[in-house]
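Small disclaimer: the values here were computed from a predicted structure and weren't measured. Side chains are part of it too, since the values below use all heavy atoms of this structure and drop only hydrogens, waters and symmetry mates. Within every chain, numbering begins at 1; the chains are lettered A, B, ... in the order of the sequence lines, protein sequences first and strands thereafter.
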2 protein chains.
Amino acid sequence: MSAEALSAGVALWRQVADGIEQAIADGRYLPGGKLPGETEIAENYGVNRHTVRRALAALAERGLVRAERGSGTFVRSRRIAYPLRTRTRFSEIINAGGREPRGQLIAAEREPASGALAGQLDLAIGAPLFRIEALRSADGVPISRGTTWLSAVRFPDAPKVFAAKRSMTKVLAHYGISDYRRLSTRITASVVDAADAARLDLAAGRPVLVVESIDVAADGTPLLTSRARFAAERVEFVIEPD
Amino acid sequence: MSAEALSAGVALWRQVADGIEQAIADGRYLPGGKLPGETEIAENYGVNRHTVRRALAALAERGLVRAERGSGTFVRSRRIAYPLRTRTRFSEIINAGGREPRGQLIAAEREPASGALAGQLDLAIGAPLFRIEALRSADGVPISRGTTWLSAVRFPDAPKVFAAKRSMTKVLAHYGISDYRRLSTRITASVVDAADAARLDLAAGRPVLVVESIDVAADGTPLLTSRARFAAERVEFVIEPD
DNA sequence: AATAATTTGTCCGTATGTATA
DNA sequence: GTATACATACGGACAAATTAT
């Protein structure tokens with residue numbers, strides 16, 4: 001209905017895309033909600049439907065909307081802002097966003113430290129480790145799949161404790177470690193594998209953000225190292241000076 | 001030739017994977033180099049070829065090796081470590097890694113600020129901006145495709161200056177800004193689009209790391225905002241306390 | 001230029017141990 | 001305890017792509 005104003009000097013599709021983006025930002029279209037049909041948008045702006053399609057494709061490319069054939073185009077839910085700082089704890093971050101965090105133990109195994117892991121944890125090669133596989137979610141929506149390694153000597157019942165407390169911070173607290181910090185964080189991306197796709201409820205081929213990190217105690221002793229895969233379409237890492 | 005020692009209690013394929021990973025870490029297999037054939041590895045470890053394939057699949061999953069049918073399995077070149085700090089400059093980072101950085105202007109256009117951009121740059125909606133499309137590479141290997149927006153009023157000939165100096169830092173210096181810092185950095189991932197795939201020399205479906213950032217002057221005035229897409233298989237963001 | 005050899009990818013099957021219901 | 005499912009490990013055969021002859 002409402003005709004939108006178009007200015008000169010900018011590609012039409014870009015103006016349409018900007019207009020829709022603004023509408024999403026203003027809350028005129030709500031997360032998860034459906035946009036008007038392509039023809040209707042085209043009428044509103046007084047442009048051809050193909051111009052609208054070009055605009056929607058650009059927005060879809062950036063992950064703002066998601067088109068479903070036969071159904072409509074929907075506004076993607078806002079990505080969860082996930083700050084990466086030296087004090088990074090999943091539960092606190094999700095709580096801060098007003099969501100309900102949950103950690104779920106998938107599997108735990110005892111295994112000897114490989115060369116790489118031994119180096120990161122400052123242990124001898126072959127030292128007994130626990131490898132804990134977990135799934136983390138916010139309000140029931142899966143966010144990340146993580147693999148955590150920690151000493152089986154220093155944390156004798158880590159899997160059991162994690163299963164009960166559902167949080168790695170609480171596991172460390174259980175062993176008397178009240179504070180710890182992130183020593184290093186490395187970020188890459190790859191395509192989700194079949195197992196993670198199932199757990200994270202992602203379609204095949206979707207990208208995941210891979211975060212490898214080492215957490216150390218206040219005195220610098222390595223505590224645990226982990227490799228987490230985040231559903232890229234649901235999170236956004238934010239880096240701001242500490 | 002050399003028979004490898006196997007221990008009990010750990011899945012065979014995992015032991016083989018650890019062994020190969022260690023060999024890569026030790027430099028016994030060099031980046032870009034070829035691993036022995038699957039059958040040869042199987043003989044070395046005294047396991048079935050399928051067990052080796054399971055191990056190689058795990059390493060390929062983590063991006064350490066890359067298999068080419070008919071040719072062999074190769075050690076992936078180490079990802080470029082790309083530190084993200086408040087002082088983040090592409091050329092300095094690449095130089096620090098002993099590589100030759102290069103910035104190439106692809107296109108530049110004048111366009112009015114959309115609502116989102118105006119907010120980020122603290123300008124009025126519709127204020128004239130330059131949108132600069134650039135390709136950045138290290139030793140001739142494309143690393144990232146970036147779109148940068150900056151005020152066309154404050155930086156009247158930014159595209160020309162960038163084309164000549166090939167560095168955004170030098171563009172700012174040309175306008176008397178000797179120092180600036182990153183105000184915010186947001187990281188996501190998505191699948192490469194066709195245009196970026198061609199420029200970055202990436203196969204379709206490969207993931208890219210998307211970095212949206214805002215740079216400000218020493219006094220906090222926003223200078224430029226950008227959205228860069230990095231070939232995920234060639235870089236690794238590193239976050240360490242400033 | 002055509003063929004053979006090599007190497008990874010896929011599919012079949014068999015057997016065993018280990019959780020889980 | 002029994003049955004079922006799953007991961008692991010091995011063996012063989014062939015397809016598909018690449019490289020060497």
Side-chain angles (χ1 to χ4, degrees), chain A residues 102-114 117 126 128-135 142 145-149 152 156-164 166 190-202 204-205 227 229, chain B residues 1-24 28-77 197 201-207 233:
Chain A
R102 210 173 102 94
Q104 182 191 337
L105 178 71
I106 294 175
E109 270 179 88
R110 213 186 155 89
E111 66 180 39
S114 71
L117 289 174
L129 297 183
F130 283 125
R131 175 167 53 84
I132 296 180
E133 303 283 346
L135 176 69
R145 267 283 289 110
T147 308
T148 303
W149 289 270
D157 288 308
K160 274 185 208 161
V161 180
F162 181 82
R166 303 165 165 281
S190 75
V191 167
V192 70
D193 68 39
D196 285 349
R199 297 277 189 193
L200 291 173
D201 192 25
L202 282 177
R227 183 182 143 81
R229 286 86 72 200
Chain B
M1 306 293 167
S2 60
E4 307 284 340
L6 299 181
S7 54
V10 187
L12 264 181
W13 66 265
R14 203 179 283 275
Q15 298 184 52
V16 175
D18 286 345
I20 297 172
E21 183 180 357
Q22 194 62 53
I24 293 173
R28 302 211 296 279
Y29 299 132
L30 296 176
K34 192 165 158 254
L35 295 185
E38 293 174 352
T39 45
E40 188 176 336
I41 298 178
E43 281 169 18
N44 288 351
Y45 285 89
V47 299
N48 190 276
R49 177 177 161 238
H50 294 299
T51 308
V52 174
R53 285 185 58 74
R54 180 84 167 82
L56 289 174
L59 295 177
E61 191 64 52
R62 287 174 44 201
L64 268 75
V65 303
R66 161 184 45 88
E68 284 180 18
R69 150 136 65 161
S71 178
T73 306
F74 301 84
V75 180
R76 282 207 112 103
S77 317
D201 192 25
L202 282 179
R206 301 302 306 163
E233 59 198 53

With a 4.0 Å limit, can you tell me whether [X] has a side-chain N or O closer than that to the phosphate oxygens OP1/OP2 of [N]?
X: N48(B); N: dA9(D); result: no
X: R53(B); N: dT8(C); result: no
X: R54(B); N: dT8(D); result: yes

To the nearest Å, how far apart are [X] [atom1] and [N] [atom2]?
X: R110(A); N: dA19(C); atom1: CZ; atom2: P; answer: 14 Å
X: E38(B); N: dC10(D); atom1: CD; atom2: P; answer: 14 Å
X: R66(B); N: dT18(D); atom1: CZ; atom2: C1'; answer: 14 Å
X: I106(A); N: dA19(C); atom1: CD1; atom2: C1'; answer: 16 Å
X: K34(B); N: dT6(C); atom1: NZ; atom2: P; answer: 12 Å

Checking side-chain polar atoms at under 3.5 Å, does T148(A) have a donor or acceptor matched by the opposite partner on R227(A)?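 Result is no, nothing qualifies.
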Before you tell me yes or no, could you show the steps for E109(A) and E133(A) under side chain to side chain contact (heavy atoms under 4.5 Å, CB included), namely the whole-Å CA-CA distance, both residues' side-chain angles and the distance that decides it to 0.1 Å? CA-CA 9 Å; E109(A) 270 179 88; E133(A) 303 283 346; over 6 Å; no
Hey, does L200(A) have a side-chain heavy atom less than 4.5 Å from the side chain of L135(A)?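 In contact.
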Check if the side chain of H50(B) and the base of dG12(D) share a donor-acceptor pair of N or O atoms closer than 3.5 Å.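 Yes, the side chain and the base share a sub-3.5 Å donor-acceptor pair.
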Distance-only donor-acceptor test, R49(B) side-chain atoms vs dG12(D) base atoms, 3.5 Å: no
Which is true for T73(B) with a 4.0 Å heavy-atom rule: it touches a base, it touches only sugar-phosphate, or it touches nothing?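 Sugar-phosphate only.
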Starting at the 5' end of DNA chain D and moving along, which residue's nearest nucleotide shows up first, T51(B) or S71(B)? T51(B)
Strand partner of dG1(D), provided both Watson-Crick or wobble distances fall under 3.5 Å: none
Has R110(A) got a side-chain atom pairing as donor or acceptor with L129(A)'s backbone, closer than 3.5 angstrom?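 Looks like no, no N/O pair under 3.5 Å.
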Nearest to the side chain of A11(B), heavy atoms from C-beta on, is which of dT8(D), dA15(D), dC10(D)? dT8(D)
